[in-house]
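Take a look at the structure below.
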Amino acid sequence: MACSAAAGAEATRLLFRRPAPSSIAGRNRLTVSRRTRHRNLRTGAQPPQKSTPSANYRNRVNIQRERAGASSDDEHQQKSEDENGLPNILGMIQNAEKNILLLNQARLQALERADKILKEKEALQQKINILEIKLSETGAQSELSSEGKSDAEALEFDVLKEENMLLKDDINFLKAKLIEITETEESLFKLEKERALLDASLRELECAFIAAQSDMLKLGPMQHDAWWEKVENLEELLESTANQVEHAAGILDGYHDFQDTVDKLGASLGATNISEFCLYLVDILKRRVKSIEERFQACNREMHSQIELYEHSIVEFHDTLSKIIKESEKKSMEHYAEGMPSEFWSRISLLIDGWSLEKKISNNDANILREMAWKRDNRLREAYLSSRGMAERELIDSFLKMALPGTSSGLHIVHIAAEMAPVAKVGGLADVISGLGKALQKKGHLVEIILPKYDCMQHNQINNLKVLDVVIQSYFEGNMFANKIWTGTVEGLPVYFIEPQHPGKFFWRAQYYGEHDDFKRFSYFSRVALELLYQSGKKVDIIHCHDWQTAFVAPLYWDVYANLGFNSARICFTCHNFEYQGTAPAQDLAYCGLDVEHLDRPDRMRDNSHGRINVVKGAIVYSNIVTTVSPTYAQEVRSEGGRGLQDTLKIHSKKFVGILNGIDTDTWNPSTDRFLKVQYSANDLYGKTANKAALRKQLKMSSAHASQPLREFEGIADQFQNNNNIRLILKYDDALSHMIFAASDMFIVPSMFEPCGLTQMIAMRYGSVPVVRKTGGLNDSVFDFDDEIIPMELRNGFTFLKADEQGFDSALERAFNYYHRKPEVWKQLVQKDMKIDFSWDTSASQYEGIYQRAAVRARAST
């Protein structure tokens with residue numbers, strides 16, 4: 001039992017530290033080896049069989065042969081090491097697999113011997129019980145006999161009685177030791193269970209390790225720290241396993257003390273001239289202890305030989321991994337100067353900003369280094385990659401040596417918003433921030449995001465989240481309040497998270513919106529966001545604020561911060577939905593330091609319909625650029641769709657434009673979507689049928705008419721919830737939404753109004769034909785298939801104009817007609833929809849154009 005636990009633990013250590021094979025052939029051999037090990041484990045689970053001398057001899061011969069084969073493989077592996085580094089790793093893994101097979105065989109033999117010991121122990125216990133009964137009878141007879149004997153005989157009998165009592169004490173002592181043996185055996189069984197659990201974990205890690213084999217060949221500089229960290233974790237696991245083995249050895253060492261006790265007991269019984277049976281009993285114990293000790297010594301020798309082999313493998317693994325990393329670094333320096341991911345440059349940008357805010361570098365040096373970062377200067381990259389193990393001050397000095405003035409054609413753009421996907425998402429605003437930001441970043445601009453640090457945001461979606469060693473003081477309600485600044489990267493974009501140290505705990509509410517003091521919460525946030533930019537000394541070109549929650553930025557910037565010298569930027573405001581305008585009593589503007597008397601005027605922030613303050617109106621008036629999310633919606637809000645702001649929009653129409661949103665085509669891609677049962681593309685639509693069947697099964701819908709279109713309706717009445725073909729799901733489920741897009745054949749969006757709408761674009765990306773009402777962004781992205789005025793290549797869905805049942809039924813009936821009666825035409829429509837480019841590239845180009853025009857005017861005015 002001890003041998004099996006120790007050997008199993010050592011096998012775990014060996015397998016955990018083996019290098020990763022790189023070839024497909026190596027993976028095939030690993031698969032075969034794992035199947036062999038599974039068979040060994042299943043064999044170990046069978047009831048132990050009795051071993052014979054000849055069987056033991058054959059086992060030893062087999063083990064010697066396998067060891068000889070492993071030794072031969074080691075020699076062959078050593079010869080080929082210089083020829084190819086990665087096949088060398090594969091050889092070590094094969095040796096480790098063979099060692100595991102040997103250890104499994106040893107474990108099986110140990111289990112068989114342990115079972116024998118248990119049976120013999122039971123027989124021994126029965127004999128002890130019989131001996132106790134005999135002693136009791138002898139004691140009773142002695143008492144009876146002593147009554148009729150003389151005093152001399154009584155004295156002699158007392159001596160005999162005393163000896164019997166001593167013998168009884170020895171037997172009790174022997175029983176106690178047997179109990180200890182039982183407990184030790186139970187501990188060994190527990191260790192064996194732990195070994196089995198470790199073996200299962202090892203197999204899981206092995207699968208993950210094999211999946212990462214190809215990554216070993218493509219190691220980039222950014223991955224080196226992660227690989228070394230994995231190696232260190234494996235070393236910790238090795239140490240933990242070694243401790244368990246030592247613990248098992250300590251338990252077995254306890255048998256030495258037990259052997260001494262048995263020897264003393266035998267000597268005592270021999271001196272008292274007790275029956276041969278007692279001596280025979282002691283002799284059995286001595287033999288058992290000796291047998292256990294011999295097995296332990298053999299197992300211990302085997303362990304030490306395996307440890308030596310394993311330590312040699314560790315050295316080889318470290319050497320090979322170091323060679324791979326050095327070669328990868330060299331290749332990266334030579335061939336991947338422009339290939340570093342956006343997240344890498346975002347990390348450097350955040351690093352520079354942190355130094356600036358913490359006053360470790362000057363604002364001028366920070367601006368120069370930021371410019372180098374967004375130009376993706378190779379010198380910064382090389383300095384950063386070579387900084388491993390370097391103190392922060394040394395890294396700063398190496399960066400400052402490269403800080404030379406220069407110019408950049410890119411813009412410095414900062415988005416201040418209340419949402420960003422996927423960390424803080426409520427609606428389409430979150431998708432716009434991440435999608436537009438990434439698209440602008442790809443065009444060579446420096447893009448940064450400022451968000452509140454909500455307690456309920458998805459922290460696991462943020463990379464390298466850390467708090468800066470700086471506190472930003474900001475004005476609010478006549479006092480100065482401290483704010484912690486956190487940084488991290490989201491979707492490759494640098495993001496600043498503001499955590500107010502205000503007693504109102506503005507963003508510790510377990511929800512994003514819907515609080516009674518939302519006006520105070522977001523006016524506070526807007527002020528701190530501008531204070532952060534001001535204190536950082538950044539030369540920002542564009543500050544882009546979104547919806548009423550950050551509309552405060554526009555008047556704060558021009559009325560407060562421009563007067564402090566922070567005036568390089570131009571303000572762009574986007575209203576994603578004019579239904580929400582952020583109105584409040586005029587005096588509430590004073591919270592964030594705005595002048596109420598100056599702003600409470602019809603031509604500035606006073607609402608057009610009542611005497612309250614309207615922050616969206618203030619943003620329209622004070623911003624240099626005003627946008628909304630589609631051209632049609634921009635036309636609609638100039639009339640009744642403006643919800644009271646139509647006159648203000650007409651006055652400022654020269655700076656107002658509608659730009660259709662895009663979608664993140666990396667996130668919404670049916671050919672790579674991890675949430676789908678079957679991935680598919682426009683050229684292979686089989687996956688839609690498979691995903692439809694999977695969704696019906698998941699939602700427990702009828703599959704009797706699987707050819708019917710699967711569709712999702714908004715606001716289905718409660719009485720339909722028991723229908724086999726309809727499900728009403730009133731919750732947000734990201735994975736389910738991906739499945740619905742993939743499974744549906746038609747996607748119905750019968751909106752009364754729709755500023756932009758992303759669902760119809762995502763639906764087409766997944767081959768679901770949209771049936772929509774012609775309003776807002778739906779009118780700009782879906783064109784009726786039967787409208788002959790529209791070019792055929794643009795027709796991609798079915799539309800209706802009137803918001804009534806007749807119009808909706810007509811569009812839906814036409815869609816069903818093509819689906820059932822013209823399946824080939826329908827298939828061509830689906831394929832065409834899937835190929836339409838709804839990415840952010842076109843929209844980002846439009847934003848880029850208006851940004852650049854505003855920036856040029858700003859530079860001309862200075």
Side-chain angles (χ1 to χ4, degrees), residues 417 419 421 425-436 439 546-547 574-580 627-638 640-643 657-665 667-670 711-715 732 734 736-738 740-742 744-785 787 790 794-803 807-808 811-812 815 829 833-834 836-844 846-847:
E419 299 180 37
K425 177 178 168 66
V426 175
L429 168 61
D431 297 305
V432 170
I433 299 303
S434 56
L436 177 59
H546 300 262
D547 280 346
T574 297
C575 185
H576 298 256
N577 192 335
F578 279 89
E579 288 287 318
Y580 307 99
T627 72
T628 191
V629 292
S630 69
T632 298
Y633 190 56
Q635 293 296 325
E636 292 174 350
V637 297
R638 287 188 175 98
E640 293 182 2
R643 295 296 186 265
V657 63
I659 298 176
L660 186 67
N661 287 339
I663 61 173
D664 188 335
T665 52
T667 300
W668 299 104
N669 186 351
R711 49 197 185 269
E712 179 190 31
F713 292 88
E714 191 68 31
Y732 177 76
D734 190 37
L736 180 60
S737 68
H738 283 249
I740 289 173
F741 282 120
S744 60
D745 300 292
M746 303 177 195
F747 208 88
I748 301 171
V749 192
S751 302
M752 294 295 291
F753 79 98
E754 186 66 64
C756 176
L758 301 179
T759 56
Q760 77 278 10
M761 301 180 196
I762 298 171
M764 285 186 272
R765 175 86 166 148
Y766 281 69
S768 182
V769 177
V771 180
V772 307
R773 180 173 174 266
K774 298 178 67 173
T775 181
L778 299 173
N779 188 54
D780 295 320
S781 56
V782 181
F783 306 100
D784 197 277
F785 191 71
D787 190 343
I790 300 173
L794 297 180
R795 302 180 205 173
N796 55 6
F798 298 89
T799 66
F800 61 99
L801 181 59
K802 291 185 178 181
F808 172 72
L812 194 60
L829 175 59
D833 283 359
M834 293 183 71
I836 298 175
D837 181 12
F838 284 114
S839 70
W840 269 103
D841 186 64
T842 301
S843 304
Q846 292 179 265
Y847 274 107

Report task. Determine yes or no for a side-chain-to-main-chain donor-acceptor pair under 3.5 angstrom, with T628 supplying the side chain and C575 the backbone. Result -> yes
Query raised in the report: Is it true that a side-chain atom of T632 and a backbone atom of G777 form a donor plus acceptor pair closer than 3.5 Å?
Result: no
Query raised in the report: Is any side-chain heavy atom of Y633 less than 4.5 Å from a side-chain heavy atom of N577?
Result: yes
Query raised in the report: Checking R765 side chain against P670 main chain: does a donor-acceptor pair fall under 3.5 Å?
Result: no
Query raised in the report: Less than 4.5 Å apart, any side-chain heavy atom of C756 and any of L660?
Result: yes
Query - Gap between atom CD1 of I740 and atom OG1 of T759 - 0.5 Å precision - result: 11.5 Å
Query raised in the report: With no hydrogens and no angle check, is any side-chain donor or acceptor of E636 less than 3.5 Å from a backbone partner on T775?
Result: no
Report summary line: In this structure, OG of S630 is separated from CG of L778 (nearest 0.5 Å) by 8.5 Å
Report task. For T799, check side-chain contact (heavy atoms from CB on, under 4.5 Å) against everything at least two apart and list the hits. Result -> V772, K774, V782, D784
**Report entry** Y847 side chain vs T842 backbone, donor-acceptor pair below 3.5 Å
**Finding:** no
**Report entry** With F800 via ring pair (Phe, Tyr, Trp, His ring centres under 6.0 Å) - residues at least two apart
**Finding:** F808
Requested in this report: Please tell me if the side chains of D833 and P770 come closer than 4.5 Å, counting only heavy atoms from C-beta onward.
Outcome: yes
Got a list of side-chain donor-acceptor pairs under 3.5 Å for residues 427-435, not counting sequence neighbours?
residue	atom	partner	partner atom	Å
D431	OD1	K425	NZ	3.2
D431	OD2	K425	NZ	2.5
S434	OG	A430	O	3.3
S434	OG	D431	O	3.3

Query - W840 backbone acceptor or donor facing S843 side chain under 3.5 Å - result: no
Query raised in the report: Does a side-chain heavy-atom distance below 4.5 Å link E579 with P755?
Result: no
Requested in this report: Compare all side-chain heavy atoms of I663 with those of T665 and state whether any distance is below 4.5 angstrom.
Outcome: yes
Report task. Return the orientation label for the F747 and F741 ring planes: parallel under 30°, perpendicular over 60°, tilted otherwise. Result -> parallel
Query raised in the report: Is there a donor-acceptor pair under 3.5 Å between the side chain of R795 and the backbone N or O of F785?
Result: yes
Report task. Dump the intermediate steps for ring pair (Phe, Tyr, Trp, His ring centres under 6.0 Å) on W668 and F838, then the final yes or no. Result -> CA-CA 10 Å; W668 299 104; F838 284 114; over 10 Å; no
Query - Side-chain donor/acceptor of E754 to backbone N/O of P750, under 3.5 Å - result: no
Requested in this report: Would you check if Y580 and D547 make a side-chain contact, meaning some heavy-atom pair closer than 4.5 Å?
Outcome: no
